[in-house]
Amino acid sequence: MSDSGRDIVFDIFEKVLSRYSIFKNRDALRPDYIPDNLPHRSEQIQRLAFILAPSLKGSLPSNVFLYGKPGTGKTAVTQFVLSRLKMKAKEAGSILAISYINCRIAGTEYRVLASLCSSIDVDVPFTGLSKAEVFQRFRSGLERFGGILIVVLDEIDALVKIHGDDILYELTRIKESSSGRGGVSMIGISNDLQFKEFLDPRVLSSLSEEEILFRPYTADELYDILRERAEIAFNENVLSESALRLCAALAAAEHGDARRALDLLRVAGEIAERSSSQSVTDEHVRRAQEKIESDRVWEAIKTLPLHSRMILLAVYVNSKRNESKCFTGEVYEVYKELCEGLGLEPLTQRRISGLINELDAMGLLNSKLVSMGRYGRSKRVRLNIPASMILQLLKSDPYLSSLEGYVEKYWSKG
DNA sequence: TCTCCACCGGAACCCAAGGCGG
DNA sequence: CCGCCTTGGGTTCCGGTGGAGA
Ligand SMILES: Nc1ncnc2c1ncn2[C@@H]1O[C@H](COP(=O)(O)OP(=O)(O)O)[C@@H](O)[C@H]1O
């Protein structure tokens with residue numbers, strides 16, 4: 001047998017193998033994949049490129065503020081433009097550094113400053129210094145660097161809502177006071193359209209010298225995005241037209257979120273693959289929708305601290321005890337009972353109120369402030385997750401499992 | 001129209017952990 | 001080693017409030 005003969009045999013095997021596999025390149029559906037083409041965002045891309053272009057000639061670009069709902073392509077567009085800017089800068093020999101920071105993930109002002117430093121090769125310890133000290137090192141590092149630093153602050157709304165806009169203020173001041181060449185240019189990205197109201201007017205005017213709005217995608221736009229990705233990700237004739245349309249429609253209903261659309265497509269593909277189906281159907285997409293939601297919920301519950309879990313249980317028990325009224329006061333009472341059952345010191349009501357708000361923000365609870373006139377004002381709390389999740393929580397947490405009997409008394413109804 | 005309930009939520013503060021620079 | 005920093009998780013204190021009922 002010659003080598004060429006073996007290749008033919010392999011070819012046949014490959015063909016057969018690939019015919020029955022759904023994915024050609026699954027990674028193309030992952031959130032960190034940035035395609036070479038971003039449909040329906042050429043306007044934003046051009047504007048951003050136009051704004052940043054002066055940096056190639058050594059002058060400082062205006063600050064930009066990008067805002068729009070999640071999954072509208074803000075991060076993708078930014079990365080798209082910046083990667084090309086970087087290439088051009090290298091070619092042109094401009095001194096240019098880019099620092100991308102996701103503020104929500106960084107979480108604290110200190111860590112944002114620290115990663116700012118590391119982008120210009122200033123190393124700072126990950127803790128121990130005062131913010132002023134880190135900032136000082138950043139400043140002097142910048143002098144030494146002498147070029148233009150483009151700072152991307154992604155999900156900046158999350159940081160400012162918790163820690164205020166102090167660093168932003170300091171950063172905008174750097175820009176002004178930068179002597180000689182170079183300086184800092186900022187790209188702020190916000191998922192919250194009202195975010196501007198949180199900012200000090202001085203910061204706002206400096207940060208949004210330019211603004212770019214990202215509208216939610218329509219179903220048709222999502223369809224185009226999905227189709228391009230699907231061509232890379234899926235094998236031929238595996239994905240039905242209607243399944244694709246359904247993904248687009250479902251995601252369009254959910255704030256026109258492209259990330260959601262791509263997730264739907266990927267998970268639907270995985271479900272199809274696992275059930276050794278030869279194509280992805282509407283049914284797979286619907287199941288993907290459910291799976292994504294229940295995964296999200298379970299993922300959130302799993303990482304919940306003890307007392308937040310107890311609150312979920314308390315809300316559940318209380319809602320079974322008396323259908324109609326489920327206000328924070330009663331929830332707190334039940335919570336205290338549960339604590340006693342576990343021999344735990346209960347937290348204060350003030351704290352519980354805060355935790356309930358967090359659970360609300362995660363979508364595990366619904367809470368709404370209602371006034372009952374003479375009978376005070378309180379929050380009506382409702383569980384926003386299926387009871388099966390409560391059961392699963394009890395089973396999975398060895399610490400809580402001793403409460404199982406207690407909770408089960410209320411299991412029957414509902 | 002005024003009262004007053006039953007909480008809400010802002011602000012200041014406390015405390016322990018981890019880690020710096022001097 | 002000391003005195004200082006940030007951070008995260010909590011507590012204490014307290015002014016604020018929509019509307020049913022007197
Ligand atoms: N116009 C587009 N074309 C192709 N993919 C897109 C487009 N817009 C967004 N995406 C994809 O959707 C996902 C979410 O986009 P992202 O830029 O992270 O949203 P945002 O930052 O606005 O929350 C990413 O995986 C991105 O690649």
Side-chain angles (χ1 to χ4, degrees), chain A residues 101-118 122-141 153 155-171 192 194-195 197-200 300-312 314-315 318-319 321-322 324-340 342-362 364-382 399:
Chain A
I101 301 169
N102 184 313
C103 300
R104 183 179 50 80
I105 292 176
T108 73
E109 295 179 283
Y110 187 95
R111 288 203 282 271
V112 168
L113 283 174
S115 75
L116 225 43
C117 285
S118 70
V122 174
D123 47 337
V124 291
F126 70 95
T127 174
L129 266 46
S130 75
K131 281 182 285 189
E133 171 71 22
V134 179
F135 203 79
Q136 198 45 52
R137 293 194 192 184
F138 174 63
R139 239 181 233 269
S140 50
L153 299 170
E155 303 197 47
I156 195 175
D157 46 326
L159 186 75
V160 169
K161 276 177 199 162
I162 295 171
H163 296 100
D165 57 6
D166 292 357
I167 7 163
L168 282 183
Y169 181 67
E170 295 299 334
L171 283 175
D192 180 353
Q194 323 299 333
F195 173 62
E197 292 162 20
F198 290 80
L199 289 177
D200 182 303
I301 291 180
K302 253 195 337 195
T303 57
L304 239 38
L306 177 62
H307 287 275
S308 298
R309 296 174 173 205
M310 306 260 293
I311 293 171
L312 285 183
V315 172
N318 190 60
S319 68
R321 267 189 199 167
N322 44 14
S324 51
K325 53 188 198 120
C326 186
F327 296 99
T328 48
E330 293 130 49
V331 171
Y332 186 60
E333 289 308 312
V334 179
Y335 160 79
K336 280 200 290 193
E337 281 176 41
L338 294 180
C339 282
E340 198 173 346
L342 291 177
L344 229 58
E345 248 340 86
L347 304 178
T348 52
Q349 185 156 5
R350 177 72 187 85
R351 181 65 188 136
I352 295 306
S353 161
L355 291 178
I356 286 179
N357 285 342
E358 282 175 27
L359 291 170
D360 184 28
M362 281 187 273
L364 301 180
L365 290 181
N366 271 333
S367 70
K368 193 175 169 210
L369 191 57
V370 289
S371 176
M372 299 158 296
R374 195 70 244 294
Y375 304 101
R377 246 152 56 98
S378 179
K379 266 186 167 176
R380 193 177 55 235
V381 187
R382 276 207 340 261
Y399 199 75

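Note: hydrogens, waters and symmetry copies are ignored here, and every other heavy atom, side chains too, is used. Throughout, protein chains are lettered first and strands after them, A, B, ... in sequence-line order, and every chain is numbered starting at 1.
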Q. Does the side chain of A/Val381 reach to within under 4.5 Å of the side chain of A/Asn366, using non-hydrogen atoms?
A.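 Result no, sub-4.5 Å side-chain heavy-atom pair not found.
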
Could you state the [atom1]-[atom2] distance from [X] to [N], rounded to the nearest angstrom?
X        : N      : atom1 : atom2 : result
A/Gln349 : C/dC14 : CD    : P     : 17 Å
A/Arg350 : C/dG15 : CZ    : P     : 15 Å
A/Lys368 : B/dG9  : NZ    : P     : 14 Å
A/Glu109 : C/dT6  : CD    : P     : 9 Å
A/Leu355 : B/dG9  : CG    : P     : 13 Å
A/Asp360 : B/dG9  : CG    : C1'   : 14 Å
A/Phe327 : B/dA6  : CZ    : C1'   : 11 Å
A/His307 : C/dG8  : NE2   : C1'   : 15 Å

Q) Do NZ/NE/NH1/NH2 and the carboxylate oxygens of A/Lys131 and A/Asp166 come within less than 4.0 Å? A)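 A/Asp166 and A/Lys131: not salt-bridged.
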
Q.
Between the side chains of A/Arg137 and A/Glu133, is the shortest nitrogen-to-carboxylate-oxygen separation below 4.0 Å, so that they form an ion pair?
A.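 Salt bridge between A/Glu133 and A/Arg137, a charged N being under 4.0 Å from a carboxylate O: yes.
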
[X] versus [Y], closest heavy-atom pair with distance:
X        : Y        : result
A/Val315 : A/Val331 : CG2-CG1, 3.8 Å
A/Ile311 : A/Leu355 : CD1-CB, 3.6 Å
A/Phe135 : A/Glu170 : CZ-CB, 3.3 Å
A/Ala114 : A/Val134 : N-CG1, 4.2 Å

Q: Could you check A/Ser378, A/Ser367, A/Ser353 and say which one makes a side-chain hydrogen bond (donor to acceptor under 3.5 Å, both in side chains) with A/Thr328?
A: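 Output: one option passes, namely A/Ser378.
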
Pull out every protein N or O sitting under 3.5 Å from an N or O of nucleotides 18-22 of chain C, one pair per line with the distance.
residue	atom	partner	partner atom	Å
C/dG18	N2	A/Gly373	O	3.1
C/dG18	N3	A/Ser371	OG	3.1
C/dG19	O4'	A/Ser371	OG	3.4
C/dG19	N2	A/Gly373	O	3.4
C/dA20	O4'	A/Arg374	N	2.9

(Q) Taking any heavy-atom pair under 4.0 Å as a contact, classify A/Thr127: base, sugar-phosphate, or nothing. (A)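 Touches a base.
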
So if I take every side-chain heavy atom of [X] and compare against [options], which nucleotide ends up nearest?
X        : options                : answer
A/Ser130 : C/dC5, C/dG10, C/dT7   : C/dC5
A/Arg137 : B/dG21, C/dT7, B/dC7   : B/dG21
A/Lys379 : B/dG21, C/dG8, B/dG9   : B/dG9
A/Arg351 : C/dG8, B/dG9, C/dT11   : C/dT11
A/Leu347 : B/dG10, C/dT11, B/dC20 : C/dT11
A/Phe126 : C/dG10, B/dG19, C/dT7  : B/dG19
A/Tyr110 : C/dT6, B/dC7, C/dT12   : C/dT6

Q) So does A/Arg380 get a side-chain nitrogen or oxygen closer than 4.0 Å to the phosphate oxygens (OP1/OP2) of B/dC7? A)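 Checking A/Arg380 against B/dC7: no side-chain N or O falls below 4.0 Å of OP1 or OP2.
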
Q) Within the structure, does a side-chain N or O atom of A/Thr328 lie under 4.0 Å from either OP1 or OP2 of B/dC8? A)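 Yes.
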
